[in-house]
Each structure stands twice: as structure tokens, then as C-alpha cells.
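Written below as C-alpha cells is the structure these notes are about.
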Amino acid sequence: MIIGILKEQAHRRLVTLTPVGVKRLGDQARVVVQRGAGTLAGFPDESYRAAGARVLNGRDAILEEADIILSHDSLYEGGVLPGHRTFVGFHDVLGQPAVVSTYERAGIDLFSLSLMPRTTLAQSMDVQSSVASIGGYQAVLLAAERSLATVPMISGAGGTLRPARFLVMGAGVGGLQAIATARRLGAQVKAYDVRSAAKEEVESLGAEFIQVDGAIEDRKAGGYAVEQSAEHLDRLRVAIQQEAAQADVIITTARVPGRRAPILITRAMVEAMKPGAVIVDMAASSGGNCELTDPDHTVMAGEITILGPRSIECGSAHSTSILISNNYTAFLLHLLAEQCDRNDDSILKATQVVANGKVVNERFLTLASAAF
Ligand code: NAD
């Protein structure tokens with residue numbers, strides 16, 4: 001079995017498998033890597049050779065030789081896909097279903113680890129959590145750098161500066177990491193999530209949970225949030241209006257799988273914020289939680305800065321690559337395990353989108369049929 005590592009788009013800087021990942025695959029598979037695939041993440045071609053991989057020139061050489069092809073989110077960029085290959089990546093197939101049609105070709109199998117179940121069994125393969133965690137950390141650094149205010153309380157000859165006020169909307173993996181990072185920098189943090197289970201986690205990090213009653217929760221949603229009613233979103237926006245107006249930094253992470261991200265911060269709320277305040281919208285790739293977010297662009301609304309970087313985790317490309325490489329390696333070892341039956345394995349069934357050129361994923365098909 002030959003595993004091929006494609007080079008990601010330059011702006012992403014990540015690599016799906018590090019040299020450590022290559023070594024961990026051991027004699028389960030041989031690895032071919034596209035020249036320069038790890039360079040921008042701090043893993044030069046030499047380090048892959050030293051780990052036992054072969055470095056090949058260009059995408060076509062990888063597509064030609066590999067049985068399993070790894071690429072985080074740019075598996076394919078035009079031309080004809082080679083048949084009888086397995087593609088593994090992290091496409092947002094629920095948010096951008098159109099991407100799947102590219103893979104509906106004869107003989108192709110596609111797995112997207114964005115569909116990984118959030119279970120203990122699958123934890124080591126959870127790319128989503130790795131990316132969200134680094135994203136939450138990066139969001140705080142980005143905000144601290146752009147804010148006109150310092151984050152910790154600072155006392156000195158010139159007087160005392162109070163700690164910055166952070167508001168974090170959505171306390172999943174990314175939101176909790178943002179809270180933890182902001183707290184380590186000395187910020188006062190308030191947070192909200194529609195999942196009531198998040199309250200305890202927020203409080204355990206030393207932040208204050210904002211209570212807004214009436215959120216819809218669904219046990220069948222596998223731990224994820226579900227879409228909220230218009231009434232609840234209205235009530236929520238009113239409840240956080242005051243907090244938003246006082247915040248130096250707002251970090252939003254609220255997402256609902258397969259749906260547009262809810263608008264939590266309206267234009268009017270932005271206009272009521274303090275001059276110099278910063279919003280980092282981590283939900284930009286799902287439409288954004290702030291009405292004024294423009295993905296990948298800096299928006300200035302008067303004196304307020306709004307950032308919506310879609311690949312925020314790439315700011316720490318080396319660290320993100322180490323984490324996702326561990327996830328991809330765990331998945332590959334699972335896929336290659338002799339006793340693993342592709343048709344009857346909970347992890348493979350949840351993540352396989354296309355089998356032999358046909359869409360087979362239940363979650364994808366259910367969402368697609370609901371959309372028509
Ligand atoms: P996500 O990225 O899908 O969403 C981010 C957060 O936004 C979630 O916490 C969600 O509840 C929240 N949200 C959605 N709508 C909102 C709204 N209107 N207002 C405020 N917040 C809103 O979520 P995620 O970080 O991927 O985590 C999803 C779930 O999976 C969580 O319950 C998390 O604890 C769980 N999880 C489990 C495991 C595991 O067991 N292996 C691993 C990671 C995450």
C-alpha cells in the first residue's frame with residue numbers, strides 16, 4: 001500500500017503527515033510525498049527522506065503512484081481524477097456539498113475526517129478538534145495584537161490598567177481554548193453557548209457563563225448544537241448587547257453542522273462597541289457570526305476591527321501539522337488494520353462520503369435531501 005501526501009495550497013502552509021507520522025505508519029505502508037509539501041510547515045523534504053519516504057516531483061506523480069492520497073482541503077484541482085484511489089481529507093462536505101460531485105467518479109473512494117464522530121473511540125482521529133483548538137488560541141493572539149488595549153492588568157509608575165474584557169460566543173473546542181488562552185493572558189472573560197453542558201466547562205476555566213434561557217437542545221445531535229429559533233436568537237442578541245458594548249474583544253465560534261452560522265453580533269451591536277475593540281469571527285467559513293464579517297478580509301466599522309480568517313489555525317502551521325498528522329496517522333492505521341471492515345465499521349461508515357464513485361454518507365444524504 002502506498003500513501004501519497006499532496007502539497008496544500010500555499011496560504012494554508014499545513015501538511016497532513018509529518019515525518020513522525022511517516023515513521024509511525026511503519027511497515028503498514030510506504031509513503032510518497034510531493035516535493036515541498038512540508039516546507040512551509042517547517043518539515044523540509046530531507047526530513048521526509050530521513051523518515052523513509054520518497055519525495056516526488058509534482059501532484060501528478062503522487063496521484064499516479066499512491067493508492068491512498070492525503071490532502072487536507074485541496075484534494076483535487078481540475079483535470080481527471082485517477083480511478084481506484086482512496087482520497088482522505090478534511091472537506092467541509094456538509095457546509096459545501098458541491099465539492100462532493102468532483103469525487104463522484106468511477107472507482108473513487110472519499111473519506112472526510114470533518115465527519116468524524118465525536119466519540120472516545122474516534123478521539124485520536126479528530127482533526128476538527130485539533131484545528132479548532134489551535135484556532136481558538138490563534139484568535140486570542142490575533143485579537144490581542146490588533147486591540148488598542150493591553151490584555152492583563154498592568155500596574156506601574158503610570159498607574160493601573162484594568163484587564164481587558166473578552167466575550168466568547170460558542171464554547172465548543174475552539175471557544176474553550178480561546179477562553180483558556182485569554183484567561184492565561186489575564187483577561188476577564190464572559191462566554192455563552194446554547195449547550196447547557198458548556199456552562200460547567202466555561203466556569204472551570206475561570207470565566208463567567210452568560211445565562212440565556214430557552215435554547216433548543218437535541219440529544220440526537222451527537223453533542224452538536226442545533227439550529228435555534230428566531231425568537232431565541234433575538235433574545236440572545238438582546239441579552240448580550242450590554243456585554244458586547246463593554247467588550248474589548250469578541251471571539252465568536254458558534255456553528256451548527258450543515259447550516260449557516262447564526263448571526264449573533266449585528267451591525268447595530270458593532271456600532272455600539274468601544275472604539276479600538278476587535279472582533280475575531282472563527283465561524284467566517286460558515287457564513288460568520290457577525291453581520292459585518294468578510295471572510296479573510298479586515299473590515300473596519302468605524303474604530304472597530306472585524307477579522308474573519310477562514311484558516312486561522314495556519315498561523316501556527318507547524319503545531320497544527322503535528323496535531324493533524326497524529327489524527328491522520330491514527331485514521332490511516334485504523335483504515336489499514338486487517339480486521340477493519342469498510343462496510344461495517346462505525347468510524348469508516350461515518351467518514352466515508354463516496355464509495356466507488358457513489359455518495360454513501362447517511363449524514364450527507366439526509367442533509368442534502370432536507371435542502372431540496
Ligand atoms: P462546533 O464547532 O460545531 O460549534 C462551536 C460551538 O458553537 C458549539 O459549542 C456550539 O454549541 C456553539 N453554538 C452553536 N450555535 C450557537 C449559538 N446560537 N449561540 C452560541 N453558541 C452556539 O462545535 P465543536 O467545538 O466541534 O464541538 C461540538 C461538540 O462536540 C461539543 O459538545 C464538544 O464538547 C463535543 N466534542 C466531543 C469530543 C469527543 O468526545 N471526542 C471531541 C470534541 C468535541
Side-chain angles (χ1 to χ4, degrees), residues 11-14 131-154 156 158 160-192 205 207 240-255 261 263-320:
H11 75 277
R12 294 200 62 87
R13 299 167 61 202
L14 304 175
V131 164
S133 193
I134 303 267
Y137 157 82
Q138 277 286 338
V140 172
L141 298 194
L142 210 54
E145 198 197 34
R146 296 302 290 257
S147 170
L148 296 183
T150 49
V151 179
M153 185 177 87
I154 292 179
T160 299
L161 295 168
R162 60 158 186 75
R165 293 193 177 105
F166 274 55
L167 173 63
V168 177
M169 297 301 294
V173 180
L176 289 173
Q177 186 58 253
I179 294 170
T181 307
R183 291 286 301 141
R184 279 185 216 120
L185 279 181
Q188 285 178 351
V189 186
K190 293 190 181 182
Y192 172 73
L205 293 170
I240 61 164
Q241 210 161 17
Q242 195 61 25
E243 308 296 349
Q246 290 173 355
D248 298 291
V249 170
I250 300 180
I251 292 174
T252 64
T253 75
R255 296 188 318 146
I263 295 285
L264 305 178
I265 310 292
T266 60
R267 177 186 290 273
M269 288 163 81
V270 173
E271 284 166 359
M273 287 177 75
K274 294 193 299 195
V278 180
I279 298 171
V280 181
D281 190 342
M282 282 180 62
S285 57
S286 314
N289 292 140
C290 173
E291 200 176 341
L292 302 184
T293 296
D294 184 2
D296 293 334
H297 291 98
T298 300
V299 176
M300 292 304 300
E303 304 300 315
I304 316 301
T305 307
I306 303 154
L307 305 168
R310 279 182 292 195
S311 308
I312 193 167
E313 69 282 2
C314 302
S316 305
H318 187 77
S319 302
T320 305

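All values derive from a computational prediction rather than experimental measurement.
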Donor-acceptor under 3.5 Å (Asp281 side chain, Cys290 main chain): yes
Euclidean distance, Ile306 CD1 relative to Met300 CE, rounded to 0.5 Å: 8.5 Å
Pairwise side-chain contact, Leu264 with Tyr192, heavy-atom cut-off 4.5 Å (strictly under): no
Shortest non-hydrogen separation from Val151 to Ala144 and the atoms involved: CG2-CB, 3.8 Å
Interatomic spacing from CD in Gln138 to CD1 in Ile251 - rounded to 0.5 Å: 11.0 Å
Non-hydrogen side-chain atoms of Val270 and Arg267 separated by less than 4.5 Å: no
Over all atoms of both residues, closest heavy-atom pair of Ser286 and Arg255: OG-CD, 3.5 Å
Closest contact, heavy atoms only, Ala284 versus Pro295: O-CG, 3.8 Å
Side-chain heavy atoms of Val280 within contact of Ile312, under 4.5 Å: yes
Inter-residue atom distance Ser316.OG - Leu14.CG, 0.5 Å rounding: 10.0 Å
Side-chain heavy-atom pair Met169, Asn289 within 4.5 angstrom cut-off: no
Pairwise side-chain contact, Ile250 with Met273, heavy-atom cut-off 4.5 Å (strictly under): yes
Minimal non-hydrogen separation, Ala254 against Ala261, with atom names: O-CB, 3.6 Å
Cys314 side chain near Thr320 side chain, heavy-atom distance below 4.5 Å: no
Distance (rounded to the nearest 0.5 Å) between His11 NE2 and Asp296 CG: 7.0 Å
Pair Arg12 + Glu313, salt bridge at N-O below 4.0 Å: yes
Worked verdict on Leu161 versus Met153 for side chain to side chain contact (heavy atoms under 4.5 Å, CB included): CA-CA 5 Å; Leu161 295 168; Met153 185 177 87; 6.0 Å; no
From CZ (Arg162) to OG1 (Thr150), nearest 0.5 Å: 8.5 Å
Residue pair Arg184, Val140: steps toward the side chain to side chain contact (heavy atoms under 4.5 Å, CB included) verdict: CA-CA 10 Å; Arg184 279 185 216 120; Val140 172; over 6 Å; no
Distance, nearest 0.5 Å, that separates OG1 of Thr305 from CG of Leu148: 7.0 Å
Heavy-atom closest pair, residues Leu205 and Ala180: CD2-CB, 4.1 Å
Non-hydrogen atoms of Val249 and Ala143 that approach each other most closely: CG1-CB, 3.5 Å
Pairwise side-chain contact, Ile265 with Glu291, heavy-atom cut-off 4.5 Å (strictly under): no
Heavy-atom side-chain proximity of Lys274 to Gln246 below 4.5 angstrom: no
